[in-house]
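Numbers for residues simply follow the sequence, beginning at 1. Any value given below was found using the heavy atoms of this structure, including those in side chains, with hydrogens, waters and symmetry copies removed. Whatever order the structure lists them in is the order used to number ligands and atoms, beginning at 1.
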Amino acid sequence: MYYEQIVEAKDFICSKTTLRPQIAIILGSGLSALAEDIEDKMVIPYKEIPNFPLSTVEGHAGNLVIGKLNGKEIICMQGRFHYYEGYSMQQVTFPVRVMQLLGVNTLIVTNAAGGVNKTFATGDIMLITDHISRMPNPLVGRNDERLGTRFPSMSEVYDRGLISCAENIAKQENITIKKGVYVGNTGPSFETKAEYIMFRTLGISAVGMSTVPEVIVAAHAGMKVLGFSVISNVFNEDIEEEPSHIEVLQNVEKANSNLVKILKGVLEDIA
Ligand code: HPA
């Protein structure tokens with residue numbers, strides 16, 4: 001049973017640390033460095049946690065890191081699970097369920113994404129204001145009322161208070177921050193030109209292969225969500241340039257220090 005598997009993973013984590021963080025951060029491709037700044041930390045490799053899937057993608061470490069950052073207890077995923085790796089949506093979102101039972105009430109998600117907004121440049125950081133899902137919904141199947149309601153609202157998934165908090169920190173730190181809608185595709189192929197153009201026409205700013213499943217489950221779990229996309233490549237139909245996984249990782253690393261500053265500021269401000 002799914003619920004019992006979640007409980008088993010939660011109990012294992014509780015046996016490893018006395019910390020009970022209420023804030024979780026999922027670090028996406030090329031963004032795992034933040035976890036190195038965490039103090040008094042307990043690092044638990046995913047492979048040790050009962051029922052946890054294993055990360056298979058290059059650039060994604062596979063650890064749960066629990067500790068303190070800027071005085072706040074946090075639980076951090078260094079690397080996430082993607083649908084394109086062949087996991088079911090229940091596996092992809094399993095860690096979020098474990099966080100839910102651990103008592104997490106705020107989830108911060110990060111990812112690398114392709115920019116389709118013409119004003120974006122590589123290395124830009126975008127606050128996700130909303131998303132469009134082009135993936136199977138992780139809530140399909142029998143609903144377990146212990147985890148959430150059958151028909152959860154998705155009308156305001158990304159918390160407005162947290163968005164304005166992040167904007168304020170960025171301003172104080174002199175970091176330009178963009179805002180926009182993220183579309184979650186299954187991947188693993190990048191988009192065709194026609195698809196990038198379609199997304200731009202629809203008013204979408206960033207395109208990626210993750211985040212949406214975890215955010216849907218977090219919303220189902222009643223968590224507040226804050227999301228960041230780091231723009232790793234920008235689509236421009238006038239330039240013959242193809243996105244590559246290497247380029248994605250390199251461009252994301254350039255933006256990493258700014259993202260870390262914003263994340264630390266947000267953590268300080270969260271009550
Ligand atoms: N498309 C989809 N996912 C991505 C991209 C992209 O262009 N860049 C980084 N992740």
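Less than 6.0 angstrom separates the ring centroid of Phe81 from the ring centroid of Tyr46.
Protein residues lining ligand 1, listed by chain and number: Ala112, Ala113, Gly114, Phe190, Glu191, Tyr196, Val207, Gly208, Met209, Ser232, Asn233, Val248 [non-hydrogen atoms, distance under 4.0 Å].
Summarising the local packing, CZ of Arg146 is surrounded by more than 12 heavy atoms from other residues, nucleotides or ligands at distances under 6.0 Å.
Within the structure, the salt bridge (Lys or Arg N to Asp or Glu O under 4.0 Å) test picks out the following pairs touching residues 24-44 (sequence neighbours left out): Asp37-Lys264. Residue pairs satisfying the ring-ring contact (aromatic ring centres under 6.0 Å, His included) criterion with at least one member in residues 126-163, sequence neighbours excluded, are listed as follows: His131-Tyr158. Within the structure, ring-ring contact (aromatic ring centres under 6.0 Å, His included) contacts touching residues 214-233 (residues at least two apart or in different chains) do not occur.
In terms of heavy-atom proximity, Thr110 sits nearest to Ile26 at OG1-O, 2.8 Å.
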